[in-house]
Amino acid sequence: MLNYIFRRLLALIPVLLIVSLTIFLLIHLVPGDPAAAMLGENATQEQIDALHTAMGLDLPLPLQYLRWMGRLLRGDLGTSYFMKGTVNEILRDHMVPTLQQTAVAVAFAALVGVPLGMIAAVHRGRAADRLISGFSTVGVSMPSFLMGLGLVLLFSVKLRLLPSSGYKEIAVAGWRTHMRYMLLPGIALGFIEMGLIIRMTRSAVLEILSADYMRMARSKGVSRVRLFLKHALKNALIGILTVVGLSFISCLGGAAVTETIFNIPGIGKLTLNAVMRRDYEVVQAVVLVVSLLNVVCTLILDLFFAMIDPRIRLQ
Amino acid sequence: MQQETFDRRQLSRVRRELLREQRALNARRFFRNRQAVFGALVVLVMLLLAVLAPVLAPADPLAQSVANRFAKPGEAGYLLGADKLGRDLLSRILYGARVSMTVGLSVGLSSMVFGMIMGLYACYYPTLDKILMRICDGLSAIPSTLLAIALMAVLGSSIYNVITALSIVYIPRMARVSRAAALTVKEQTYIEALRSQGASSFRIIWGHIAPNILSSVVVQASYNFANSIITEAALSFLGVGVPAPQPSWGNILSEGREVITTAWWMIVYPGAATALAVMGTNIFGDGLRDILDPHSN
């Protein structure tokens, strides 16, 4: 196991290198001088030159990269040009609403997706299966902004049940109000993932149901409920947990859309505002942090699976 | 010498016949698969609407009419209503289909071409494989929506930059799929036989491996097509995709969000168009996968 962990950590180095290089080079894709682009049309040449030097853009490219990396390794993500405070502080403040929203989204996707996927697998080929599979196709084809708009139209405009936008902190407004505001964005964000989880669960359970040891257990007279819960579910769990884990990451990345619709002050909204203002340091920092989270989550998932399934370690 | 040319001619005849049979079989499987036929029809209709938009659209999608601001569907000759500037929604949706289909096709094709080249050469040259796959790992570690937004931030919003950004996002996935498929083909004995006969690597890669991975590649391309339609709409919705006043489903929906309490048609119709296009392509992709790649399901 230690050997496996070591190998996995070693394999991370090139990935992180590529991620950091990509994000570093992003700013150099800006046509013309990034400093001029940031300051806008009304800036004087002196202002542009000053920012140009301050950003270190006059240094050779490799040196700029090393300087940037050195800063990152010290845990310094830079300073926002347009907002008060360091990027670290800004990110920390905006991370909370995004994580809360992502948690609601993943919980919704898993709580609806896993049971439906199982029902579909058990009733393979019958009406229930066809209905659920159709529903999952609708799910994976429903972009979050469309789902979000639809939910607002139905629950806020027509039925007037839930608020159409906004964010309430738990500490200030309490759990109930917080959840009332989080429900629609969470469902909108998690809907595509729900479709994927239905599909994955269905095929994982189907594969196990047709395995030899299942037929063996059945012929030994194991009850249907026990057969399903103890033998099938346990073995299908790896596939299901993988897709649930991955859905957490795509929700984190896709939050920009729902945060815009529902006006939630999370990192997605932060990124978009930074994009509009050409606050490149903030854009780079958000992309970097979310990608890092992605890499770490994937690693934890893999290590967890290697722990419960020794075969993975040997691959 | 005479003998050899004869053999070759016969061989190519047999090969042609086999290919024709395979194609006929695939066509029969296709038409028996109701899902695939339905998906193909939806995609075909969308493509036709996009191509014929100038003919079908009842009005100029940019023509404003202050008197008819937010005309309801069916009112004053606006079949699907009008937006805040009195522009005809139906015409805007039809022209929006052009944007979606252009982006979908361009990204689908470019990711197919570049991803396939990367996958094929990666499977054949181990050193290149290590480098390319690390790059793909790195690029896919960045969540796709965020990468697309960041790329649009630096490139500036225009339909060409949307295509560039989405191609960068989707090429790594295609490279992975085609590499995986190519690796299994490369293990086959006939590839070994070809190599021992001294066939050039170019001939093996393009003449023998490429045609055999085409089915996996086409299936993935259809998913990339659907996903890039979604992402383009999302980017335009967020204001970093196709810039106004050029209509795209995403930016029509973004205008609709501002008037969601009063003008439902600004959400419902462009939303339905987006959902239908994506669903059609996804269903088509699933059907295609079942036909071309029966083992994958």
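Every chain is numbered from 1 and lettered A, B, ... according to where its sequence line falls, protein lines coming before strand lines.
Residues B:Asp137 and A:Ile18 fail the side-chain proximity criterion, which asks for heavy atoms closer than 4.5 Å. A 4.5 Å side-chain heavy-atom check between B:Ile142 and A:Ile23 finds at least one atom pair inside the cut-off. In this structure the side chain of B:Leu147 never reaches within 4.5 angstrom of the side chain of A:Val287, judged on heavy atoms. The shortest side-chain heavy-atom distance between B:Leu238 and A:Phe145 does not fall under the 4.5 Å cut-off.
The shortest heavy-atom contact between A:Gly253 and B:Leu146 is O-CG, 3.9 Å. Contact record, B:Pro143 with A:Ser291: CD-OG, 3.9 Å, taken as the closest heavy-atom pair. Here the closest heavy-atom approach between residue B:Ala275 and residue A:Met142 is recorded as CB-SD, 4.3 Å. Across A:Val15 and B:Ala141, no two heavy atoms sit closer than the pair CG1-CB, 4.2 Å. Summarising the geometry of B:Ile149 relative to A:Ala256, their closest heavy-atom pair is CD1-CB, 3.9 Å, with the distance given to 0.1 Å. The two residues A:Asn294 and B:Ser140 have their closest heavy-atom pair at ND2-O, 4.0 Å.
When each of A:Val295, A:Leu153, A:Leu252, A:Thr137 is scored by its heavy-atom pairs under 4.5 Å with chain B, the top score falls to A:Leu153. The residue among A:Leu149, A:Val157, A:Leu17, A:Val283 with the most heavy atom pairs within less than 4.5 Å of chain B is A:Leu149. Each of A:Leu272, A:Thr22, A:Val257 has some count of heavy-atom pairs under 4.5 Å with chain B, and the biggest count is that of A:Leu272. Considering only heavy-atom pairs separated by less than 4.5 Å from chain A, the leading option among B:Cys136, B:Ser144, B:Gly138 is B:Gly138. Ranked by heavy-atom pairs under 4.5 Å with chain A, the first of B:Thr261, B:Leu155, B:Ile260 is B:Ile260. The candidate from B:Ile283, B:Leu235, B:Thr281, B:Asn282 with the greatest count of non-hydrogen atom pairs under 4.5 Å with chain A is B:Asn282.
Using a 4.5 Å cut-off between heavy atoms, A:Thr271 touches chain B through its side chain atoms alone. For chain B, no part of A:Arg277 is nearby; none of its heavy atoms comes within less than 4.5 Å. Looking at B:Ala277, there are no atoms closer than 4.5 Å to chain A (heavy atoms on both sides), in backbone or side chain. B:Asp286 touches chain A through its side chain: at least one heavy atom from C-beta onward sits under 4.5 Å away, while N, CA, C and O do not. Proximity to chain A involves both the backbone and the side chain of B:Leu139, based on heavy atoms less than 4.5 angstrom apart.
In terms of modelled atom types and a separation under 3.5 Å, the side chain of B:Arg257 and the main chain of A:Ile261 share a donor-acceptor contact.
Atom CZ of B:Phe38 has 12 or fewer heavy atoms from other residues, nucleotides or ligands within 6.0 Å. Under a cut-off of 6.0 angstrom, the local environment of CZ in B:Phe114 is sparse, with at most 12 non-hydrogen atoms contributed by other residues, nucleotides or ligands.
Residue A:Leu146 is tested with B:Ile230, B:Thr274, B:Val278 for a side chain to side chain contact (heavy atoms under 4.5 Å, CB included); the sole match is B:Thr274.
Distance CD1/B:Ile135 to CG/A:Leu21: 9.5 Å, rounded to 0.5 Å.
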